[in-house]
Every structure is written in structure tokens, then in C-alpha cells.
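None of these values were measured; they are calculated from a predicted model. Each residue takes its place number in the sequence, starting with 1.
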Amino acid sequence: MSETVPPAVLTIAGSDPSGGAGIQADLKAFTAFGCYGMSVITALTAQNTTGVQGVHPSPPDFVEKQLRSILGDIDVHAIKTGMLFDAANTRVIAQTFRSHYADASSRPPLVVDPVCVSTSGHTLLAPEAVQVLIDELCPIATLITPNKSEAELLLSQSNRAAKITSLGDMIAASEKLLLLGSKAVLLKGGHVELTLADVEKLAAERPDVTVVREELLADNMEILQVNEQDLTTRPLVVDVLKEAERTTLFVSPRIESMSTHGTGCTLSAVIASLLGKGHTLLEATRQATAYTHVGIETAFPVGHGHGPLNHLHALTQRVIPPPTASNPHPLTRILIQSAAKTWKEYVEHDFVKQLAQGTLPRECFMHFIKQDYLYLKYYARAYGLLVAKSSTYGSIESATQTIVNVINEVRTHKAFSARWGISEADLAATPESPSTTAYGAYLIDVGLQGDSAKLIMALAACLLGYGEVGLWLKKEATKPNSWVKLKGNAYLQWIEDYSGEHYQNAVKLGLETIEALAVADPPNALRLQEWSAIWEKCTRLEKGFWDASMKLL
């Protein structure tokens, strides 16, 4: 369908007058993801954030009438089910779905959230309905999304009883649940206590399992690690997506919150929305888990019990999520991940490794120092262009201070070079290498293009890159039997300079600058793509500096 026409997505569930769960939560989620939401109400409830006070089911024939009314008129792109209440309603929904879509290939994606018990502990699915759900609804589902208790109930009812207390149990249970007939299973891990060690242990034992660390730090993100909360010991939530050919874990930090009412409804509704828009099940689940996580983390108080998550945080769809306590640097993460291969090759370059071991030939380092001296002139001039593009005294001051810092760094270069027998006249007389000219010319070119944001991205890649290298070497040096040799290393001062407090304070300021830019003027997908391309190219040009030096070997 046309991207300008919102896909129609249907929820078949109960009504929550407090607005946090049921069809109310589903419709909010549909809207947040650009879909046209519709609903078939299976039951009216009297409930709020403290619990469910009563349930008034819809008659099965009226549930069928609602469903046929919609299916007979509107082209439905995806359907999700939530609270179905009893066996009669569950059966009529499955039968109506089968009869209307007699040709199985024409069926829209069907996401089944087997709602059995409310957050407050109230039973929402009659015991006899569980078997109907297993026999008639699961076999036609694209995805079922049980939590721990619901998974154990479904497996017990189908004579595949399992107790779920570990990550291994979750994966085994998801494999058994897949035998109920759905194309895939998302076993939610909100009620299973896990840590990063559990995830890493299983990943080592099961190379066939893919781990999506959406909210966690990946390799070569030391500059973020020192500025963010350490998540290595923090409790995690792990959701297991089991498809026929693969198993994927979605890992995020556990949030201690009372704002969890309707999280299961919301998660399944977002997945249905994205399936209706043509996304793969893997991508739909990734986005849905990330959206739900931020929704809990940014929730505002409602009621006196378990309040709802914040469905509003994505009403304006952002390609960069807003900074949160567990992810204060979302743009920097995206930039590093977008150029992960080049970034790793740069950070862990042979030049860096030999420098850290003290085995880098003197002529290689001298080549680098001389060229870096010449490059810094381009860098300072580029910040001069940024001053010209700045519209506030604060931004003018920040860019001007960086120029002063560069001039001070040049003085450090002169002093450092002098200790290696290189005079200022030698530095000035050194011809520019092609890699220096290419990098410097690129910075000036970006600076002349008129977009200050693009210039900030280009300049940040250099600033943050050296900070990352410094911290990576510092971390490696602390490991037992480390390959990094600091004692007697002729290049120790260089390592200490870039891992030290003074430079890392500049890195922190750089992080704050680009993140503030993304918050003040959120980029669309095309603009973010431009920023990522600039970041990747500057990282490649930085790597070229060290490539050029190593060619002297």
C-alpha cells in the first residue's frame, strides 16, 4: 500500500476504562506507529491502576457481528488479540477469522497475546478457554506473545509442562510453545531475573542464538561506558523470539517501576502495527521492545497502583530516541553502530596496538606526529567556520574555546616533538601527505556546505575517536597479563594524554554537544543518514592517517 495511507490494524480485546491496557492501550500504540486503529470489544471491565473490580463479557454472537462488520468493509493489514474472556468468544473469533480468510495466503498477520491474568492478579481468561486458544487460535497465529506465567499455563494445558526460571528454560519453553502451531513465539522475560552474565554464558554455549543488545553497550564504546551507568551487574529483561529457523534474544536493562500496566498489550499492538506496515517479524519485535522500554522509563504518574507506560513518547516518530537514564547518548550509539566495522578497524588499528606495546617504529610515529601537526591547522580552521555558523553566544564561545584548545594542543605537539629531536622548523617544513590533505580538505568542504550540524558531526568523529582509543588502551592495560606494555613505553605520554582527565572532559563535552543537537532539532531519516555517512567517512580518514604511517614499514 502507499506509504501515505496508514495501514488499518484491528485489536480484538477487552476495554480498560482507565486507559492503560486493553483496546485503549492498543489504539494508542497503533496511532503512535502511524496506523489506523480499529477495535472489537470482547468484554467491558471495571478496572483502574489498583485492580479489576468487575468484568462484563460481550455475547459471542455480538463479538462475531463486530468482527464481520469490520472485515466485510475494511482492508485489514494486521490483527492482534488480547483479553478474550471465555471459550465461546475465543472459538467464535478463530472460526470467523478462518471463514473470512478461507485462503490462508490472504490472511493478514495475526498476533495473539494470550492474556490470562492482569498485572494485579485478576483472572482474565476462563480455564476452559485456554484449551480453545491452544487448539484453534495458536495454529493460525503469526506470533503468540506469552509472559512466563502464560507460557507455563499453555504448556501445562498441552501436556508439555515446564517450569521457567532461567534463560535456558525460556529458550526450551519457546521451542515447545512453537509446537502449538504459531509461526513464531515471543516469550516475554519480565518475570525472570537475569543478568548480563546469564546472557553471555548462553551466547557462548549457543552460537546459533542471536543477541540484540538494543539498550546495552557494544564493543568499542568505552567513551560511553565511562559516562553511563555500568550495566554488567544490573538486572536485565530478556525477551526470546523463537522462529522456525532462528532464536533471537532482545536484551534491555530492567526498570524498577510501578508504571507497567498494559505493557503486554502495548508490545503486541506495536508488533501488529509494524507487521501491518510490512516489517519483518524480527524488526517489528526489535522496535516494539525498544518502544515499550522507553515507554516504561518515561512514564508519568497515573493513579495509586500500577500506572500505564507513556504511549506518547513516540507520537512524533524519531529516528533517534530521546536520551534516557539508561541511554543518555542515543545518537552517538547510532553513529558508532552505523560505522561499526570502520570504527573497530580504526580503534584497534595495528598502529595503535604497536604503539601500546612500545614496538611501533620511531619513523612511523614521527610520520604521524608531523602529519597530525599539519592536520590540526585544518581542524582549527574548521572550528573557525563553525564559529561563523553559530547563532548564539554559547555556541560561539564553545567553538572558540575549542580553537584555543587546538592551539594549546599544537604547543604540546611542539614540545613532544622536540623530545624526539624534531624542531618546529622541521614540523613546518614537512610536506602534507595525501591522507592529511584529503582529511583536511573534507573538513573544510563540509564546513562550507552551510549545515553546521554536519560540520559538528565531522569534527566530533575526530574528538571522540581519539578519546575512544585512549580509553580502550587504558582498559586493556588493566587486564591480567595484558598485551599493553606501559612500563618503559616510549609512547606512554601519548596514551596518558588521550585517556587522561583533560582530554576525556573534552570528550564528555563533545558527547553533550551532539546529543543536545539531536534533541533540539531531531533529524529525519535522510538527515541521520547524512550524519552517519559523514561519521563513517571521517573515521575512515582517521584510519587513513595510521595506514599512511604504517606504510613506512
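Using a 4.5 Å heavy-atom cutoff, the side chains of H293 and S326 are in contact. In this structure, the side chains of V199 and V238 come closer than 4.5 Å at one or more pairs of heavy atoms. Annotation: side chain of L249 is in contact with side chain of I171 (closest heavy-atom distance under 4.5 Å). Within the 4.5 Å cutoff, side-chain heavy atoms of E542 are placed close to those of Y466. At least one side-chain heavy atom of L281 sits under 4.5 Å from a side-chain heavy atom of I271. No side-chain heavy atom of L177 sits under 4.5 Å from any side-chain heavy atom of K242. Between T145 and V111, some side-chain heavy-atom pair lies under the 4.5 Å cut-off. Residues V211 and V251 have side chains in contact (heavy-atom distance under 4.5 Å, counting atoms from C-beta outward).
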From CA spacing to verdict: salt bridge (charged side-chain N to carboxylate O under 4.0 Å, His left out), D547, K543:
CA-CA 6 Å; D547 287 341; K543 175 179 173 291; 2.9 Å; yes
What verdict does the side-chain contact (heavy atoms from CB on, under 4.5 Å) test give for S532 and M457, after you've listed the backbone C-alpha separation in whole Å, the side-chain angles of each residue and the deciding distance to 0.1 Å?
CA-CA 8 Å; S532 298; M457 296 304 146; over 6 Å; no
Residues E536, W343; criterion side-chain contact (heavy atoms from CB on, under 4.5 Å); working and verdict
CA-CA 8 Å; E536 198 279 337; W343 182 257; over 6 Å; no
Please test F33 against Y291 for ring pair (Phe, Tyr, Trp, His ring centres under 6.0 Å), starting from the C-alpha separation and ending with a verdict.
CA-CA 10 Å; F33 279 81; Y291 168 84; 5.0 Å; yes
With side-chain contact (heavy atoms from CB on, under 4.5 Å) as the test, would you mind laying out the steps for W531 and I514 before giving the verdict?
CA-CA 11 Å; W531 291 359; I514 63 174; over 6 Å; no
Could you walk me through whether T263 and T260 pass side-chain hydrogen bond (donor to acceptor under 3.5 Å, both in side chains), step by step?
CA-CA 6 Å; T263 51; T260 55; 5.7 Å; no
As a quick check of understanding, evaluate side-chain contact (heavy atoms from CB on, under 4.5 Å) for E222 and V347, giving each step before the final call.
CA-CA 11 Å; E222 297 304 316; V347 173; over 6 Å; no
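Listed for the S482 side chain is no donor-acceptor partner under 3.5 Å among the backbone atoms of T478. Using modelled atom types, no side-chain atom of D521 and backbone atom of A518 make a donor-acceptor pair closer than 3.5 Å. Panel note: side chain D169, backbone T165; a donor-acceptor pair is recorded below 3.5 Å. For the pair S398 (side chain) and S395 (backbone), a donor-acceptor distance under 3.5 Å is absent.
A donor-acceptor contact under 3.5 angstrom links the side chains of T266 and H311, judged on distance only. Donor-acceptor pairing under 3.5 Å is recorded for the side chains of E283 and Q287. Using a 3.5 Å distance cut-off with no hydrogens or angles, the side chains of T324 and N327 do not pair a donor with an acceptor. No side-chain donor-acceptor contact under 3.5 Å links H313 and T298. The closest side-chain donor-acceptor pair between E515 and T332 falls under 3.5 angstrom. Judged purely by distance below 3.5 Å, without hydrogens or angles, the side chains of W483 and E476 pair a donor atom with an acceptor atom. Judged by distance alone, the side chains of T289 and D239 never bring a donor and an acceptor atom under 3.5 Å apart. Side-chain contact, E409 with N405: no donor N or O sits under 3.5 Å from an acceptor N or O. Under 3.5 Å, the side chains of N220 and E348 contain a donor-acceptor pair of N or O atoms.
A salt bridge does not link K389 with D451: none of the charged nitrogens is closer than 4.0 Å to a carboxylate oxygen. The residues R527 and E530 are annotated as not salt-bridged, no charged nitrogen and carboxylate oxygen being separated by less than 4.0 angstrom. Between E175 and R206, at least one side-chain N (NZ, or NE/NH1/NH2) sits under 4.0 Å from a carboxylate O, which counts as a salt bridge.
Taking the six-membered ring for Trp and thresholds of 30 and 60 degrees, H349 and F351 have ring planes more than 60 degrees apart, a perpendicular arrangement. Using the six-membered ring where Trp is involved, F368 and F365 have ring planes that are tilted, between 30° and 60° apart.
A search for side chain to side chain contact (heavy atoms under 4.5 Å, CB included) contacts involving L374 returns Q371, T430, E432, T436, not counting sequence neighbours.
Here the closest heavy-atom approach between residue V406 and residue A380 is recorded as CG1-CB, 3.9 Å. Shown here for I369 and S417, the closest heavy-atom pair between the two residues is CG2-OG, 3.1 Å. Heavy-atom minimum distance, A356 versus N489: O-ND2, 3.0 Å. The two atoms that bring R254 and L236 nearest to each other are NH2-O, 3.5 Å, heavy atoms only. Here the shortest heavy-atom pairing between P308 and S259 reads O-CB, 3.5 Å. S433 and H367 make their closest contact through CB-NE2, 4.3 Å (heavy atoms, listed as atom of the first residue, atom of the second, distance).
Ring centers of Y491 and W420: under 6.0 Å apart, within the cut-off. The aromatic ring centres of Y378 and Y442 sit 6.0 Å or more apart.
Between K370 atom NZ and S549 atom OG the span is 11.0 Å, to the nearest 0.5 Å. Taking NZ of K277 as the start and CG of L275 as the end, the distance is 12.0 Å to the nearest 0.5 Å. For the atom pair E243 CD and S182 OG, the distance stands at 10.5 Å (nearest 0.5 Å). We find the CD1-OH distance between I444 and Y379 to be 12.0 Å, quoted to the nearest 0.5 Å. For the atom pair K341 NZ and T539 OG1, the distance stands at 12.5 Å (nearest 0.5 Å). In this structure, the separation between CD on Q357 and CG on L473 is 10.0 Å, given to the nearest 0.5 Å.
Other residues, nucleotides and ligands place no more than 12 heavy atoms under 6.0 Å from the CD atom of E397. Around CD of E424, the count of heavy atoms belonging to other residues, nucleotides or ligands within 6.0 Å does not exceed 12. Enclosure of atom NZ in K485 by more than 12 non-hydrogen atoms of other residues, nucleotides or ligands within 6.0 angstrom is indicated.
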